[in-house]
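Notes follow the structure.
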Amino acid sequence: MNKLKLVLAFLMAQTLALSAYAIDFSAGVTGHAGLYSASGHEQIGGGEKNGSENAVAEFTYASIFAEAKFDRFVIGGHFIPDTVETDTASEQRVDKRTDGSDAQSTGTNSAKVEFTSMATAYAAVYLTDNAYFKIGVSSMDIETKESLSTGSTYPDTSVDGTEVGFGYNLPISDNAFVRLEGVYVEYDGVTISSTANSNKVTLKGIDGVEGRASLGFTF
């Protein structure tokens with residue numbers, strides 16, 4: 001979140017610096033379809049990692065955006081008002097007996113993650129009248145919803161990320177346009193400690209690609 005605040009402050013300063021130029025303000029809605037991958041593990045006490053997991057998931061969601069355009073330079077942001085969540089993953093935890101006999105089940109673990117307060121500040125440069133390159137900085141809260149046989153419960157956290165991509169605006173009237181984008185998104189990793197014991201979960205990072213389609217209006 002701190003990274004996002006710094007970028008927002010910078011973009012606001014640039015808005016003031018460019019205020020002498022003619023400014024076009026736009027706003028609209030965007031549909032996102034993305035494919036993301038993540039990996040992580042839970043560390044039981046001070047021992048080796050346990051329960052490592054790699055996951056790939058598809059997400060679809062909507063956001064709202066607002067931006068200002070100065071000649072060929074754009075600054076803006078988008079916000080996702082809804083919650084984006086993963087499916088619930090369940091697995092049976094199996095431990096080996098200390099006497100070397102057959103393994104035994106010690107319970108079932110289930111967990112899912114909800115992503116909230118997802119926001120991005122971005123800047124774009126038009127390479128032609130319609131095609132542009134963009135970069136952005138993002139932040140989101142991660143809310144954990146788990147039921148673990150280890151007795152662990154984990155607090156919510158937040159992560160920062162970046163995105164880069166290309167887009168194309170297609171005017172459909174004097175003040176309306178359709179926009180298509182393709183972006184690569186990457187979020188930082190994070191380690192959170194259990195509130196119930198000394199266990200830890202490490203998320204190594206989240207990265208993926210998105211296709212986006214927007215309907216916008218210029219004022």
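By convention here, the first residue in the shown sequence is residue 1. Computed from a prediction, not measured in an experiment: that's the story for all the values here.
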**Request:** State plainly whether one hydrophobic cluster holds both L127 and I135, where clusters connect Ile, Leu, Val, Met, Phe, Trp and Tyr through side-chain heavy atoms under 4.5 angstrom apart.
**Result:** yes
**Asked** Between K134 and E67, does at least one N-O distance fall below 4.0 Å, as a salt bridge requires?
**Response** no
**Item:** Joint cluster assignment, F217 & I172, ILVMFWY side-chain distance < 4.5 Å
**Value:** yes
**Prompt:** Closest heavy-atom contact between N130 and Y126?
**Reply:** O-CE2, 3.5 Å
**Prompt:** Between the main-chain N or O of T128 and the side-chain N or O of R72, is there a donor-acceptor pair closer than 3.5 Å?
**Reply:** yes
**Prompt:** Can you name the closest pair of heavy atoms from F133 and G165 and give their distance?
**Reply:** CD1-O, 3.4 Å
**Asked** If Ile, Leu, Val, Met, Phe, Trp and Tyr residues are connected whenever their side-chain heavy atoms lie under 4.5 Å apart, and connections chain through other members, are Y184 and Y36 in the same group?
**Response** no
**Message:** Can you give me the closest heavy-atom contact between P81 and A62, atom names plus distance?
**Reply:** CD-O, 3.9 Å
**Item:** Nearest-0.5 Å distance, CG of residue D156 to OG of residue S117
**Value:** 10.5 Å
**Prompt:** Got a sec, which residues hit side chain to side chain donor-acceptor pair (under 3.5 Å) with S37, two or more places apart in sequence or on another chain?
**Reply:** none
**Complete:** Nearest heavy-atom approach of E163 to S138 is OE1-OG, 4.1 Å
**Message:** Measuring from atom CZ of F115 to atom CD of E143, what distance do you get when rounded to the nearest 0.5 angstrom?
**Reply:** 10.5 Å
**Prompt:** If you measure from OG on S139 to CG on D160, what distance do you get to the nearest 0.5 Å?
**Reply:** 4.5 Å
**Prompt:** Sequence neighbours excluded, which residues qualify as side chain to side chain contact (heavy atoms under 4.5 Å, CB included) partners of T83?
**Reply:** E114, T116
**Request:** Starting at CG of L203, measure out to OG of S39 and round the result to the nearest 0.5 Å.
**Result:** 7.0 Å
**Item:** From CG (N169) to CZ (R179), nearest 0.5 Å
**Value:** 4.5 Å
**Prompt:** Between atom CZ of F166 and atom CD of E181, what is the distance when rounded to the nearest 0.5 Å?
**Reply:** 11.5 Å
**Request:** Spell out, yes or no, whether V185 and F59 are grouped together once hydrophobic residues are joined by side-chain heavy atoms under 4.5 Å, including indirect joins.
**Result:** yes
**Request:** Evaluate the ring planes of F177 and F65, with Trp represented by its six-membered ring, and classify them as parallel (under 30°), tilted (30 to 60°) or perpendicular (over 60°).
**Result:** tilted
**Prompt:** Is there a side-chain contact between L180 and L170, using heavy atoms and a 4.5 Å cut-off?
**Reply:** no
**Request:** Report yes or no: is the cationic atom of K69 (NZ for Lys, CZ for Arg) closer than 6.0 Å to the six-membered ring centre of Y132, at no more than 45° off its axis?
**Result:** no
**Message:** Using side-chain contact (heavy atoms from CB on, under 4.5 Å), reason through I23 and F70 one step at a time and then give a plain yes or no.
**Reply:** CA-CA 5 Å; I23 305 175; F70 313 84; 3.5 Å; yes
**Prompt:** What about I206 and V190, same hydrophobic cluster or not, with Ile/Leu/Val/Met/Phe/Trp/Tyr joined at side-chain heavy-atom distances under 4.5 Å?
**Reply:** yes
**Item:** Minimum heavy-atom distance between A66 and Y122, given as atom pair plus value
**Value:** O-OH, 4.0 Å
**Message:** Is there a side-chain contact between E210 and T30 in this structure, where contact means two heavy atoms from C-beta onward sitting under 4.5 Å apart?
**Reply:** no
**Request:** Mind listing the closest non-hydrogen atom pair of P155 and I192 along with its distance?
**Result:** O-CD1, 3.7 Å
**Message:** Measuring only between side-chain heavy atoms, which start at C-beta, is Y187 closer than 4.5 Å to I142?
**Reply:** no
**Request:** Check ring pair (Phe, Tyr, Trp, His ring centres under 6.0 Å) between Y61 and all other residues, then give those that pass, not counting sequence neighbours.
**Result:** H32
